[in-house]
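All ligand and atom numbering here is 1-based and tracks the order in the structure.
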Amino acid sequence: DFPAGYTGYHTYAETQTELQKAVANYPSLTKLGSAGTSYEGRALSLIKISDNAATDENEPEVLFTCNQHAREHLTTEMCLHIVDRLTSGYATNSAIKRLVDSTEIWVIPSVNPDGSEYDISGGTFHSWRKNRQGPGTDTNRNWGYKWGCCGGSSGSTSSETYRGTAAFSAPETRAVSNWVNSRVVGGTQQIKTHIDFHTYSELVLWPFGYTYDRTAPGLTAADATKFENLGKQMAATNGYTPQQSSDLYITDGSVNDWMWAQHKIWSFTFEMYPKGSSPGFYPRDTQIGPQTTRNDQAVDILINAAISG
Ligand SMILES: CC(C)C[C@H](NS(N)(=O)=O)C(=O)O
Ligand SMILES: [Ca+2]
Ligand SMILES: [Ca+2]
Ligand SMILES: [Zn+2]
């Protein structure tokens, strides 16, 4: 469990309870499922938010993923806030209603529940990042586009950026990528836009991460301009710094590179609060409200981008 000062954060069990409450309270707006299971057998829960949620309607789809990295607990709260805001706001907020009626929104509050639970085990923080498969794999180096290509990950099992034994060797990336693959309907990927939430540094990042180049095969100048414009538009609302992912450092096997290269999904990483190492990965629970609502407008922009194309 979370230590004193952090009890506002949701454990894995509490996260499941929140999702079950959402579907109980908003049965026509939500559908609860999972992308699969983690290494230790926890559900990779996936909630769908849309009008007529039980029906796969021909509406553009949007994906939010959180907590790839175990210690980045604020991101789980970000995904839970998106669920809460889009369901509880539907009846009274016409802007929210329009977004929810026009799209199908998928939220995975924790991609790495095993790591997250380990990080808080014994009521103290362990500064754990990876999954719990053997020495631990950094799931954000385990996706299958240009896996291990470019010095943006490590082959050393003890490294925080250990890429695993092969692309998608982590059950978690395997399950989520298989689920994204399943959203190809009639030859068309239904998911149009995506944010993967991380902490920290307050950044909006877009592909590619594997190269410093602004353009590369599969990512034209027009694509880069669209990523930049959308990224800057979102950053203008939350005060984060917008930049190409590799401007931070080179990463290979990241989720954004795969989502774009494999599916042409407009895929971003948000590095949330704080800017620096104090409080770093462990802001007190008093920051959950302010730092999740801080992204409300950016989330709406991303959902709108799926509608407008
Ligand atoms: C998305 C990339 C470019 C940044 C991320 N930083 S984090 N969240 O691990 O500190 C990471 O290293 O995976
Ligand atoms: Ca719908
Ligand atoms: Ca659909
Ligand atoms: Zn991270």
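Using a 4.5 Å cut-off between side-chain heavy atoms of Ile, Leu, Val, Met, Phe, Trp and Tyr, with links allowed through other members, L203 and M259 fall into different hydrophobic clusters.
Those atoms of ligand 1 with a heavy atom of T269 less than 4.0 angstrom away are 1 (C). Atom numbering of ligand 1 starts at 1 in the shown order; those under 4.0 Å from a heavy atom of H198 are 8 (N). Ligand-side atoms of ligand 1 in range of Y249: 4 (C), 5 (C), 6 (N), 11 (C), 12 (O), range being under 4.0 angstrom from any heavy atom. Under a 4.0 Å criterion applied to the non-hydrogen atoms of E72, ligand 1 contributes the atoms 7 (S), 8 (N), 9 (O), 10 (O).
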Chi angles and distances behind the ring-ring contact (aromatic ring centres under 6.0 Å, His included) call for W206, W260: CA-CA 9 Å; W206 56 83; W260 173 256; over 10 Å; no
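Distance from atom 4 (C) of ligand 1 to its nearest protein heavy atom, with residue and atom name: E271 OE2, 3.3 Å. In this structure, atom 3 (C) of ligand 1 lies nearest to the protein heavy atom S245 OG, 3.2 Å. Closest protein heavy atom to atom 9 (O) of ligand 1: R129 NH1, 2.5 Å. Looking only at protein heavy atoms, the nearest one to atom 10 (O) of ligand 1 is T199 O, 3.7 Å. Nearest non-hydrogen protein atom to atom 1 (C) of ligand 1 is N140 ND2, 3.6 Å.
Taking backbone and side chain together, E72 holds an N, O or S atom under 2.8 Å from the Zn ion (ligand 4). Counting backbone and side-chain atoms alike, S50 contributes an N/O/S atom closer than 3.0 Å to the Ca ion (ligand 2). At a cut-off of 3.0 Å, E57 is counted among the residues with an N, O or S atom near the Ca ion (ligand 2).
Salt bridge annotation for D296-R85: present, with a cationic side-chain nitrogen under 4.0 angstrom from a carboxylate oxygen. The residues D138 and R163 are annotated as not salt-bridged, no charged nitrogen and carboxylate oxygen being separated by less than 4.0 angstrom. Between E117 and R132 there is no salt bridge, since no side-chain nitrogen of the basic residue lies less than 4.0 Å from a carboxylate oxygen of the acidic one. Salt bridge status for R183 with E61: present, with a side-chain N to carboxylate O gap under 4.0 Å. Between R294 and E202 a salt bridge is recorded (basic side-chain N to carboxylate O distance below 4.0 Å). Taking a cutoff of 4.0 Å between a charged side-chain nitrogen and a carboxylate oxygen, D223 and R214 do not qualify as a salt bridge. Salt-bridge check for K130 with E172: failed, with every basic side-chain N at 4.0 Å or more from each acidic carboxylate O.
Take the Ca ion (ligand 2) as the corner point: the lines to OE2 of E59 and to O of D51 open at 140°, to the nearest 10 degrees.
For the pair Y273/I288, no side-chain contact is recorded, criterion being any heavy-atom separation below 4.5 Å from C-beta on.
Taking only nitrogen or oxygen atoms, main chain and side chain alike, H69 reaches within less than 3.5 Å of ligand 1. Ligand 1 has no nitrogen or oxygen under 3.5 angstrom from a nitrogen or oxygen of Y200. Polar contact check, T251 against ligand 1: no nitrogen or oxygen pair lies under 3.5 Å apart.
Heavy atoms of R141 come nearer than 4.0 angstrom to ligand 1 in at least one pair.
For the Zn ion (ligand 4), the nearest N, O or S atom contributed by H69 is named ND1. The N, O or S atom of H198 with the smallest distance to the Zn ion (ligand 4) is ND1.
If you check the side chains of Q244 and S246, you find a donor sitting under 3.5 Å from an acceptor.
Residue T251 comes nearest to D257 through the heavy atom pair O-OD2, 4.1 Å, listed as atom of the first residue, atom of the second, then distance.
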